Amino acid sequence: MRIFNTLTGQEEEFQPFQNHHVRMYTCGPTVYNFAHIGNFRTFVCQDLLRRWLLYRGYRLTHVMNVTDVDDKTITNAKAAGLSLKDYTTRYADAFFEDCRHLRLQQPEVIPYATDHIEEMVQLVEKLMEKNLAYRQNGSIYYRISAFTNYGRLSRLDPSQLQIGHSIEADEYSKDNPRDFVLWKAPKDGEPYWETRIGPGRPGWHLECSAMSMKYLGETFDLHCGGVDLIFPHHENEIAQSEGATGRTFVKYWFHSEHLLVNGERMAKSKGNFYTLRDLLEKGFDSIAIRYLLLSTHYQKPLNFTLEGVGQATGALQTLKNFLLLARTCRQAPSDNPRVVDIAEHRLRQFESAMDDNLNISAALAAVYDARYDLNAIAESQGLSSADREKVLLLFQKFNSLLDVLDFEADVITDAEVLQLIEERGAARRNHDFMRADEIRAQLLQRGIALEDTRDGVRWKRTR
RNA sequence: GGCGCCGUACCCAAGUGGUAAGGGAGAGGUCUGCAAAACCUUUAUUCAGCGGUUCGAAUCCGCUCGGCGCCUCCA
């Protein structure tokens, strides 16, 4: 498979260091509030990547950190009158609940920053020994002028960087304003840790270097995040890690583009700021949102609109209707050789699209083409048992990547509903269409849609 | 000021030199007691605009217009 590597600015053949084992790190959430839909676009892209690696048979060790100490978590916890731990636990729980709604697979390891202070201290000690870090007013800074590769990932020339406007008071004492903080001196009323490098708390970049190397080794295959993390976060991670170890930190850098809402950057002030919760409360389906978020290539901006969620819902419905037909269509007396041909052809099309830098649009086209081809057969001739299995297996393969379809047999157990379906059938046979339509409308209100086919009545849930 | 991305139908979107995939929505039709589903037909002589290279350009080059991102809070 080929994948775009931010480090080289090119698409490259993916070849992990250890042949069959991929080690991957993703920058996880900072748990200071509910994650928004833009955050989840990134996590859905990473979910697609991880699922494709698994599909291709790699053993995967995926680490995603949780940042549970930083300026925002501290400020918000204080405002909420909670301890830092109580506050961040609340939002970490909410985050993982949202992840389940979006069917994001759990990474193998989910380390929390506050559980890894010792590893971070060790990393700072190494950087101090190598004279890549210096102490200033109780804080410790990274000396970027001592790291020659600084700016390679982001293609920024350190000497060209403008100095930001929001430099904190204590940072005026840095040797170079562009140096970044590794360890922050304690402030009044803020949490801090007593450590060998002095009291304080970690800077933002430090945790990712310390935790990724702890769980994946000093050199690993993939590091993921949103494009906004390229600079400074990932640039600084490289400086910290490679500065400390002298070895290549990461082989492939995977960055996903941002999500816009109605063509604009999402911002609370613009009134276009959505959390997943907002959308679910408005009655949108979390699976349709997953579908929408995964259906645009990760390197392209995704313009999120409520109309788009509606379109995604419609597209999913087409696939669900097909699966219903595939399960319930007439039993054919013998196998149809075209079924296996179609399945193999469309699967190949799907796989080569995904191998091509996760070309999800082309992969989805293969899914819909398969649906179209197989639908015609199921509709006109029915399917033999073996062919039915093949069709369902094909879509299960597609779904191992997409995870937007359900395959468990859905049965109605409610005796009253079954009774009504029965009664409607009798009414239709007696040409009492008033009564039949009345029952159909009644069931629709309960979320069950009835469809009359030449092979009898068929039903599906509408919610 | 520096670096980078994007512009394909009503909407989303693939395609990076060989004559415009796929999805949604709309219109007409077939089937149906009516629906629904499905199927058929239909919606870009054209890819922001203008020039150039080429037998051939949405694809390559140049310019123009429009939108977006990063440059120490950020997914």
Side-chain angles (χ1 to χ4, degrees), chain A residues 9 26-30 32 35-46 70-72 144 151 154-168 171 177-181 203-205 224-233 235-236 255-260 263-266 291-292 295-297 299-303 305 307-308 310-322 324-325 329 349 353 356 359-369 371-372 375-376 378-380 428 431-434 436-437 440-441 444 449-454 458-460 462:
Chain A
T26 58
C27 288
T30 301
Y32 68 99
H36 57 69
I37 198 73
N39 298 123
F40 284 115
R41 197 263 166 122
T42 297
F43 295 123
V44 167
C45 289
Q46 293 162 359
D70 82 320
D71 292 347
K72 280 182 288 195
I144 67 166
S154 53
R155 292 176 180 71
L156 290 173
D157 176 353
S159 67
Q160 293 296 313
L161 296 182
Q162 288 189 354
I163 307 307
H165 307 293
S166 57
I167 296 172
E168 287 176 36
E171 291 179 341
R178 297 186 302 261
D179 288 346
F180 62 91
V181 67
W204 174 37
H205 316 295
C224 314
V227 284
D228 56 315
L229 295 188
I230 296 170
F231 190 88
H233 185 52
E235 197 70 71
N236 291 351
H255 291 103
S256 42
E257 254 301 337
H258 274 162
L259 171 145
L260 302 173
E264 292 186 297
R265 178 164 186 160
M266 185 162 43
Y291 181 90
L292 178 61
S295 60
T296 296
H297 189 256
Q299 286 180 275
K300 282 211 152 187
L302 166 63
N303 186 19
T305 61
E307 188 193 357
Q311 292 188 356
T313 306
L316 275 180
Q317 194 57 54
T318 302
L319 295 179
K320 288 180 187 170
N321 286 338
F322 167 69
L324 180 65
L325 176 72
C329 71
Q349 188 185 337
D356 178 18
N359 188 342
I360 188 67
S361 302
L364 286 172
V367 172
Y368 284 96
D369 286 343
R371 181 214 72 96
Y372 180 84
N375 191 85
E379 182 83 37
S380 62
R428 285 187 75 225
H431 293 267
D432 181 0
F433 296 119
M434 285 267 282
D437 291 350
R440 187 167 61 192
L444 191 59
L450 297 185
E451 297 178 358
D452 299 313
T453 74
R454 58 182 170 177
R458 167 173 97 178
W459 61 272
K460 64 188 178 193
T462 59

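What you are looking at is a predicted structure, and each value in this text was computed from that prediction instead of being measured. No hydrogens, no waters, no symmetry mates; every other heavy atom, side chains included, goes into these values. Order of the sequence lines sets the chain letters (A, B, ...), proteins ahead of strands, with each chain counted from 1.
- Comparing the C1' positions of B/G4 and B/A37 gives an interatomic distance of 47 Å, to the nearest angstrom.
- In this view, A/Gln46 satisfies the side-chain hydrogen bond (donor to acceptor under 3.5 Å, both in side chains) rule with no residue, not counting sequence neighbours.
- Taking the six-membered ring wherever Trp is involved, the centroid distance between the rings of A/His233 and A/Phe231 does not fall below 6.0 Å.
- When the C1' atom of B/U16 is taken as reference, atom CD of A/Gln299 falls 14 Å away, rounded to whole Å.
- When heavy atoms are screened at a 4.0 angstrom cut-off, A/Asp437 is found touching base atoms of the nucleic acid.
- Atom P of nucleotide B/C12 and atom CD1 of A/Ile360 are separated by 19 Å, given to the nearest angstrom.
- Within the shown strands, nothing qualifies as a pairing partner of B/U32 under the Watson-Crick or G-U definition with both distances less than 3.5 Å.
- Here B/C6 presents its P atom at 9 Å from CD of A/Glu257, a figure rounded to the nearest Å.
- Put simply, CZ on A/Phe180 is 16 Å from P on B/C71, counting in whole angstrom units.
- Atom NE2 in A/His258 sits about 7 Å away from atom P in B/C70, given to the nearest Å.
- With sequence neighbours excluded, the residues satisfying salt bridge (Lys or Arg N to Asp or Glu O under 4.0 Å) with A/Asp369 are A/Arg346.
- When the P atom is used for both B/A48 and B/U54, the distance is 23 Å, rounded to whole Å.
- Two residues are said to be in side-chain contact when any heavy atoms from C-beta on lie closer than 4.5 Å; A/Phe322 and A/Val367 fail this criterion.
- No contact: A/Leu324 has no heavy atom under 4.0 Å from any strand.
- The gap from the C1' atom of B/A20 to that of B/C47 amounts to 8 Å, rounded to the nearest Å.
- Of the candidates B/A37, B/G33, B/C70, B/C70 carries the atom nearest the A/Phe231 side chain, counting heavy atoms from C-beta on.
- Among the heavy atoms of the strands, none lies under 4.0 Å from A/Ile230.
- In this structure, A/Asn375 has no side-chain hydrogen bond (donor to acceptor under 3.5 Å, both in side chains) partners at least two apart in sequence or on a different chain.
- For A/Ala436, the side-chain atoms get nearest to B/G33 when compared with the rest of B/C68, B/G33, B/A37.
- Contact annotation: A/Asn359 reaches the phosphate of B/G15 (side-chain N/O to OP1 or OP2, under 4.0 Å).
- When the C1' atom is compared between B/G29 and B/C63, the two are found 49 Å apart, to the nearest whole Å.
- Within the structure, a side-chain polar atom (N or O) of A/Lys300 is placed less than 4.0 Å from OP1 or OP2 of B/G7.
- When rounded to the nearest whole Å, the span between NE2 of A/His431 and P of B/C34 equals 12 Å.
- A donor and an acceptor atom never sit less than 3.5 Å apart when one is taken from the side chain of A/Asp228 and the other from the base of B/G69.
- Comparing B/G26 with B/C31, their P atoms are spaced 22 Å from each other, to the whole Å.
- Contact annotation: A/Asn375 reaches the phosphate of B/C39 (side-chain N/O to OP1 or OP2, under 4.0 Å).
- In this structure, A/Gly38 reaches the bases: a heavy-atom distance under 4.0 Å links it to at least one base atom across the strands shown.
- Heavy atoms of A/His36 sit under 4.0 angstrom from at least one base atom.
- Side-chain N/O atoms of A/Arg428 and base N/O atoms of B/G33 include a donor-acceptor pair closer than 3.5 Å.
- B/G62: Watson-Crick or G-U partner is B/C50, with both key distances under 3.5 Å.
- Within the 4.5 Å cutoff, the side chain of A/Glu257 has heavy atoms near those of the A/Arg41 side chain.
- The interatomic distance linking A/Leu319 (CG) with B/A38 (P) rounds to 10 Å, in whole Å.
- With sequence neighbours excluded, the residues satisfying salt bridge (Lys or Arg N to Asp or Glu O under 4.0 Å) with A/Arg440 are A/Asp437.
- A 3.5 Å limit on both hydrogen-bonding distances identifies B/C68 as the Watson-Crick or G-U partner of B/G4.
- Checked by atom type and distance alone, the side chain of A/Thr296 never pairs as donor or acceptor with a backbone atom of A/Leu292 at under 3.5 Å.
- At a cut-off of 3.5 angstrom, counting only N and O atoms as typed in the model, there is a donor on one side and an acceptor on the other between the side-chain of A/Arg440 and the base of B/A35.
- In this structure, A/Asn39 contributes its side chain and A/His36 its backbone to a donor-acceptor pair below 3.5 Å.
- Within the shown strands, nothing qualifies as a pairing partner of B/A20 under the Watson-Crick or G-U definition with both distances less than 3.5 Å.
- Comparing B/A57 with B/G49, their P atoms sit 15 Å apart, to the nearest whole Å.
- Looking at heavy-atom distances under 4.0 Å, A/Arg458 makes contact with sugar-phosphate atoms alone, never a base.
- A search for salt bridge (Lys or Arg N to Asp or Glu O under 4.0 Å) contacts involving A/Glu451 returns A/Arg458, A/Lys460, not counting sequence neighbours.
- Checking B/A9 for Watson-Crick or G-U wobble geometry (two distances, each under 3.5 Å) identifies no partner in any strand.
- Remark: the separation of the P atoms in B/A27 and B/A21 is 24 Å, to the nearest Å.
- Interface remark: the A/Asp452 side chain does form a donor-acceptor pair with the B/C34 base, using a distance-only criterion of under 3.5 Å.
- Rounded to whole Å, the separation between the P atoms of B/G7 and B/A75 comes to 26 Å.
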Protein and nucleotides 22-24 of chain B: nitrogen or oxygen contacts under 3.5 angstrom:
residue: B/G23; atom: N2; partner: A/Gln311; partner atom: OE1; Å: 2.9
residue: B/G24; atom: OP1; partner: A/Thr318; partner atom: OG1; Å: 2.4

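- Between A/Asn303 and A/Ala449, the residue anchored closer to the 5' end of RNA chain B is A/Asn303, taking for each the nucleotide with the nearest heavy atom.
- Following rounding to the nearest Å, A/Glu379 (CD) and B/U30 (C1') show an atom-to-atom distance of 12 Å.
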